[in-house]
Amino acid sequence: METGELACEKRATRPKGQNNALRRNGRVPAILYGPTTAPMPLAIDRLELKARISAAAHTRIIKLKSSTAEIDGRYVIFKDVQRAPVSGEILHADLYEVDLKRPIRVEVALKFTGKAKGLANGGILAPLERTATVECLPLEIPDSIEVDVSEVDIHEVVHVSAVKFPGNVKPIFDTDYPVVTVLPPTVEEVVVAAVVEPVEGAVVEGAPVEGAAAAPAEGAAKEGGDKDKAAKKPEAAEKKK
Amino acid sequence: MRTRNAQARLRRRIDEGKMLAPKKVKWRKMMKGRVRGAESRGLTLAFGDYGLKSLETCRIDTRALEAARIALTRHIKRGGRVWIRVFPDKPFTKKPAETRMGKGKGSPEGWVACVRPGRILFEMEGVDYATAKEAMRLAAHKLPIKTIMIQREEGGLGA
């Protein structure tokens, strides 16, 4: 695996508010630590860090470049990245120092290849896991692990034990968990036709004379309305008192 | 009249368990409270490949969520899966029409989900980008807040 380079500097932790000042100036606060390394606060250029973290970088192992001798030349991986909730801007990064000769455990993305047999029958490919924990030397971490799903039919499952890992990469799992399946097609919602309510004044079959029936009804409605109003008025007057 | 019918329909659907509402609560009525700040949980995609993210603070009620869900599922038809990442677990009350103030708190009227900026509201999987985008657009029109569609970054770190 290739290694990328990342320029960084040591940063001060005092006075308070230093980190926000860094962010305003286009830099991101970070921390470097490891099994034998004491925590060391760093500052990294935001754009450089963003490019290094993106999937397009294809580098997990980063070599630090710095004018400070104690930081320069260290090999690290990104342990954690904090982002702003709405904009997604990087707020902070954790860099974990690795020994290139000692195997480490990392999460590697699973890539599903091939067209599943169940998809032809209307099934839906449902990844149950998107990453797998593996143990390998830092320079042998694969970009992704391919999972062939071409033979998977509806309700069939591929377990982690069936996934082919590269020879130098050891998968870590206690139970043989499922990785991907093909679900049956979802049932389309039936659109219920709206019930047509009878419209006022509509002609009803078998009704008597239209004019004669409609006129008293309207009058009755008006009278009823007036009576209601009249009945409400005394109540309102009483409440005011 | 129409409003009363709509309310009756809503109550009936909640009773039938067809809409998003808690099955049982300890207290029927809750204080209104305020929704402040940005979200700190539910910020990243957990299930699907595409998501609808809120950009504003709001109380989204059951009807809006249900309308958005229906818009999503109808557009994707038989193709994909949909997840709802918020749940309306906060009751709101309303006093009857033409009632004077006082005489206690109104009766429970419905349920809302308190949403802050950054929260993923819906997730989707099993459809292509164009279908997902259109479905999310239709769903977003049913919601009372501004939203943005997000997509899973394959193999990215901290996505």
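Chain naming here is simple, since letters A, B, ... match the order of the sequence lines and numbering starts at 1 in each.
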message = Can you tell me which portion of A/Ala84 sits under 4.5 Å from chain B's heavy atoms? Options are side chain, backbone, both or neither.
response = neither

request  = Taking all non-hydrogen atoms of both residues into account, name the closest pair between A/Ile124 and B/Gly126 and its distance.
outcome  = CG2-CA, 4.0 Å

ask   = Step by step, would you call B/Leu45 with A/Arg130 a side-chain contact (heavy atoms from CB on, under 4.5 Å)?
value = CA-CA 11 Å; B/Leu45 293 172; A/Arg130 293 181 188 270; over 6 Å; no

inquiry  = Can you confirm whether more than 12 heavy atoms, excluding those of B/Lys95, are under 6.0 Å from its NZ atom?
reply    = yes

task = Mind listing the closest non-hydrogen atom pair of B/Gly118 and A/Val86 along with its distance?
result = N-CG2, 3.8 Å

ask   = Take atom NZ in B/Lys146; do more than 12 heavy atoms of anything else shown fall under 6.0 Å from it?
value = no

key: Nearest heavy-atom neighbours spanning B/Arg81 and A/Ala126   = NH1-CB, 3.4 Å

query = Should we count CD of A/Glu135 as having more than 12 external heavy atoms under 6.0 Å?
reply = yes

task = Compare every heavy atom of B/Ala38 with every heavy atom of A/Pro85, then report the nearest pair and how far apart it is.
result = CG-CB, 3.7 Å

remark   = Here the gap from A/Arg83 atom CZ to B/Leu43 atom CG, rounded to the nearest 0.5 Å, amounts to 11.5 Å

request  = Taking atom NE2 of A/His159 as the centre, report whether more than 12 heavy atoms of other residues, nucleotides or ligands fall under 6.0 Å from it.
outcome  = yes

message = With a 4.5 Å cut-off on side-chain heavy atoms, are A/Pro127 and B/Glu125 touching?
response = yes

message = How about NZ on B/Lys105, more than 12 heavy atoms from neighbouring residues, nucleotides or ligands closer than 6.0 Å, or not?
response = yes

key: Interchain contact, A/Ile90 with chain B, by part (heavy-atom threshold 4.5 Å)   = neither

